[in-house]
Undergrad: 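What follows is a single structure, and I will ask about it in a moment.
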Amino acid sequence: SAVISQKPSRDICQRGTSLTIQCQVDSQVTMMFWYRQQPGQSLTLIATANQGSEATYESGFVIDKFPISRPNLTFSTLTVSNMSPEDSSIYLCSVVTGSYEQYFGPGTRLTVT
Amino acid sequence: TQLLEQSPQFLSIQEGENLTVYCNSSSVFSSLQWYRQEPGEGPVLLVTVVTGGEVKKLKRLTFQFGDARKDSSLHITAAQTGDTGLYLCAGAEGSNYKLTFGKGTLLTVNP
């Protein structure tokens, strides 16, 4: 398994501003992902954070809205840009450590007012 | 994108009862994972199944992967109040590890 931390754990932001979420893992991992969980919903994959190259985004998500950095094998950031109330969600990072096993961080609960 | 149908969506039972949660798809998965999520926390991995027909047991929890790797079930025996939570199944396509999640089953075990 892996120990994953996220900062901040929660935040309340104003419409039009941006928030950067950090994800730190206690060991080097190859695969790292960012997911969104809207209120009362399941998880939806936003993008794959690639180390040393641009992230790979899923349909419906774009780099201008959700820029992602992955400077090394233990750290990644997700920025939620120009926020609107529809961006209010829990944002989760996950890592793959072993064959097929994926572990999640505790999440960042974002409220946009 | 593969879709996962999870049922039931809500389940409220008494302590000591048994229950089964189902996860179905028309597509084949290379692996399927079950998670439990409590309010305010991230999903916690319970089990990963990768072989068709595979059965795994985790104390009172029994997980089964269908022979065709299109469906899975989670059976809980003698449920306890501590089993309360959101149970999520998630399937991976090929070897890219990207997970598609079901909508989840919100389980409430009453004392």
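Every chain is numbered from 1, with letters handed out A, B, ... down the list of sequences.
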Undergrad: Looking at side-chain heavy atoms only, is the closest gap between A:Thr97 and A:Tyr103 below 4.5 Å?
TA: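 Contact flag for A:Thr97/A:Tyr103 side chains = yes.
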Undergrad: Identify the two heavy atoms, one from B:Leu19 and one from B:Ala79, that lie closest to each other, and give their separation to 0.1 Å.
TA: CD2-CB, 4.0 Å
Undergrad: Aromatic contact between A:Phe33 and B:Tyr97, with the criterion being ring centroids under 6.0 Å apart: yes or no?
TA: no
Undergrad: Looking only at heavy atoms, which of residues 66-91 of chain A get nearer than 4.5 Å to chain B?
TA: none
Undergrad: Which atom names give the shortest non-hydrogen contact between B:Leu88 and B:Gly102, and what distance separates them?
TA: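 Nearest heavy atoms, B:Leu88 then B:Gly102: CD2-O, 3.8 Å.
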Undergrad: Please report the shortest heavy-atom distance between B:Thr20 and B:Ser73, naming the atom on each side.
TA: CG2-CB, 4.1 Å
Undergrad: Please state whether the side chain, the backbone, both or neither of A:Leu43 comes within less than 4.5 Å of a heavy atom of chain B.
TA: both
Undergrad: Strictly less than 4.5 Å between heavy atoms, which residues of residues 9-17 of chain B line up against chain A? Please order them by number.
TA: none
Undergrad: Heavy-atom cut-off 4.5 Å, strictly under: side chain, backbone, both or neither for B:Leu99 against chain A?
TA: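 Contact with chain A is through both the backbone and side chain of B:Leu99.
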Undergrad: If we ignore hydrogens and angles and just use 3.5 Å, is the side chain of B:Asp67 paired with the main-chain N or O of B:Gly52 as donor and acceptor?
TA: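 No, B:Asp67 side chain to B:Gly52 backbone: no donor-acceptor pair under 3.5 Å.
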Undergrad: With a 4.5 Å cut-off on side-chain heavy atoms, are B:Phe63 and B:Leu58 touching?
TA: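 B:Leu58 vs B:Phe63: side chains touch.
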Undergrad: With a 4.5 Å cut-off on side-chain heavy atoms, are A:Ile4 and A:Cys23 touching?
TA: yes
Undergrad: Compare all side-chain heavy atoms of B:Thr81 with those of B:Asp83 and state whether any distance is below 4.5 angstrom.
TA: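 Contact flag for B:Thr81/B:Asp83 side chains = no.
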Undergrad: Does anything in residues 34-43 of chain B get under 4.5 Å of chain A by heavy atoms, and if so which residues?
TA: B:Tyr35, B:Gln37, B:Gly40, B:Glu41, B:Gly42, B:Pro43
Undergrad: State whether B:Lys103 and B:Glu5 are salt-bridged, where the test is any N-O pair (Lys NZ or Arg NE/NH1/NH2 against Asp/Glu carboxylate O) under 4.0 Å.
TA: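 A salt bridge is absent here (no side-chain N lies under 4.0 Å from a carboxylate O).
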Undergrad: Counting N and O atoms only, with roles assigned by atom type, does the side chain of B:Ser72 sit under 3.5 Å from a partner on the main chain of B:Cys23, one being a donor and the other an acceptor?
TA: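 Between the backbone of B:Cys23 and the side chain of B:Ser72 there is no qualifying donor-acceptor contact (under 3.5 Å).
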Undergrad: With the side chain counted from C-beta on, respond yes when A:Tyr35 and A:Phe104 share a heavy-atom pair under 4.5 Å apart, and no when they do not.
TA: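 Yes, their side chains come closer than 4.5 Å.
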Undergrad: Picking from B:Ser31, B:Gly104, B:Ala90, which has the most non-hydrogen pairs under 4.5 angstrom with chain A?
TA: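 Option with the top pair count is B:Ser31.
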Undergrad: Within the structure provided, determine whether A:Cys93 and A:Val95 are in side-chain contact (heavy-atom separation under 4.5 Å).
TA: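 Contact flag for A:Cys93/A:Val95 side chains = no.
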Undergrad: Quick test of your reading: applying side-chain hydrogen bond (donor to acceptor under 3.5 Å, both in side chains), list the pairs with at least one residue in residues 4-18 of chain A, sequence neighbours left out, ordered by first then second residue.
TA: A:Gln6-A:Thr108
